[in-house]
Amino acid sequence: MIDLLYFAWVRERIGLPRERVETTAATVMDLIEELKAREDRYQAAFADLRALRVAVDQELADFSAPLSGVREVAFFPPMTGG
Amino acid sequence: MVGDIRVQAEPFDYGAECAAFAARARGAGAVVTFLGLVRDDGGRLARMEIEHYPGMTERALEKIAEEAAGRWPLSACLVLHRHGSLSPGEPIMMVATASRHRQAAFAAADFLMDYLKSRAPFWKKEFGADGAAWVAARDEDEAALTRW
């Protein structure tokens, strides 16, 4: 089981802030493909990966990052702090 | 180095924070502070909402502060960032750095600002007469990181 968190417009497009999923995906990219196959709203959220960032267990990561032993994956647009 | 990281919805008193920081930094020789305010965009902005990633935000800010402390001889540093609903003119965030000499304090404050703009998980949404829109990250902000 992995907790998925969504922020900003990713959260709005998917329509929820977090969910827990059962997945056998080996990498973040595999997980994205699984989600996109589920419903249109995931397709819409993950349509352009250049506009997305991912954090694995609260650390910024690449889409190729492995998911073995991971508890939390977050998807969000580029950050705009300050 | 004493790092003070705070992420909060409540407003803060910039003057009081500066005075408290300077009192803690006694003996440092130089204190630099920076305050970020919500721009009013010529009256077009009604309010701003700042969303963040609780847990990761604090970790990311601590990492950025540690990185700054590794580059410059800081005796203290403060990063305070708000989230939630903010009105034009309201303080969003502040940083403060203390060091023996001003060059290190200025450089560290500049570094903290550059990094927290694009490496701390905050997102701004603006609400105005034209509707609501997420603030897009600027290429210049990402490019600014290559300075360091």
Side-chain angles (χ1 to χ4, degrees), chain A residues 1-21 27-29 31-32 35 40-82, chain B residues 5 7 34-39 48-65 79-83 86 91-95 109-126 131-145:
Chain A
M1 295 292 256
I2 293 185
D3 285 318
L4 302 183
L5 282 74
Y6 309 117
F7 294 97
W9 58 254
V10 181
R11 169 178 56 72
E12 291 177 342
R13 280 187 203 175
I14 292 174
L16 71 175
R18 65 188 300 152
E19 62 184 321
R20 182 164 283 188
V21 297
T27 66
V28 171
M29 200 59 224
L31 174 66
I32 291 173
L35 292 169
D40 287 351
R41 56 199 171 106
Y42 293 96
Q43 283 273 9
F46 294 109
D48 181 8
L49 293 186
R50 287 168 311 173
L52 279 182
R53 298 291 179 270
V54 61
V56 170
D57 283 340
Q58 304 193 353
E59 295 275 355
L60 281 174
D62 293 322
F63 291 110
S64 59
L67 291 183
S68 170
V70 164
R71 291 185 315 206
E72 190 171 295
V73 176
F75 295 102
F76 42 78
M79 297 160 270
T80 53
Chain B
I5 306 294
V7 181
F34 171 84
L35 172 67
L37 303 171
V38 180
R39 287 186 194 89
M48 172 181 277
E49 258 174 38
I50 299 179
E51 183 171 335
H52 81 114
Y53 182 173
M56 180 175 167
T57 309
E58 292 80 359
R59 282 173 63 160
L61 293 177
E62 272 160 26
K63 205 168 137 188
I64 295 166
V79 179
L80 197 168
H81 204 301
R82 291 179 65 195
H83 59 88
L86 284 84
I92 302 182
M93 53 85 57
M94 69 172 288
V95 301
D110 204 12
F111 172 91
L112 288 171
M113 284 309 305
D114 273 352
Y115 268 80
L116 74 80
K117 269 199 157 324
S118 37
R119 290 292 182 273
F122 290 100
W123 301 274
K124 297 190 183 108
K125 191 175 191 177
E126 292 179 340
W134 290 98
V135 174
R138 303 183 325 148
D139 291 340
E140 301 94 282
D141 289 338
E142 189 62 33
L145 301 187

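Scope of the values below: all heavy atoms of this structure, side chains included, with no hydrogens, waters or symmetry mates. Throughout, a chain's letter reflects where its sequence line sits, starting with A, and its residues are numbered from 1. This one's a predicted model, so the numbers in the text were calculated from it and none came from an experiment.
For A/Arg20, the side-chain contact (heavy atoms from CB on, under 4.5 Å) partners at least two apart in sequence or on another chain are A/Met1, A/Asp3. By the salt bridge (charged side-chain N to carboxylate O under 4.0 Å, His left out) test, A/Arg71 pairs with no residue at all, sequence neighbours left out. Among residues two or more places apart in sequence or in another chain, the side-chain contact (heavy atoms from CB on, under 4.5 Å) test is passed with B/Arg119 by A/Leu60, B/Ile64, B/Tyr115, B/Glu142, B/Leu145.
Between B/Trp123 and the options A/Phe75, A/Tyr6, A/Phe7, a ring pair (Phe, Tyr, Trp, His ring centres under 6.0 Å) holds for only A/Phe7.
Only the side chain of B/Ile92 comes within contact range of chain A, with at least one heavy atom under 4.5 Å from a heavy atom of that chain. Contact annotation for A/Arg11: only side-chain heavy atoms (C-beta onward) come within less than 4.5 Å of a heavy atom of chain B.
Separation of atoms CH2 (B/Trp134) and CZ (A/Phe76) is listed at 13.0 Å; rounding is to 0.5 Å.
Annotation: residues 51-60 of chain B contacts chain A through B/Glu51, B/His52, B/Tyr53, B/Pro54, B/Gly55, B/Met56, B/Arg59 [non-hydrogen atoms, separation under 4.5 Å].
The heavy-atom pair separating B/Val135 from A/Thr80 by the smallest distance is O-CG2, 3.4 Å.
Open room surrounds CG on B/Asp139; 12 or fewer heavy atoms of other groups in view lie less than 6.0 Å from it.
In this structure, the side chain of B/Lys125 does not engage the main chain of A/Trp9 through any donor-acceptor pair within 3.5 Å.
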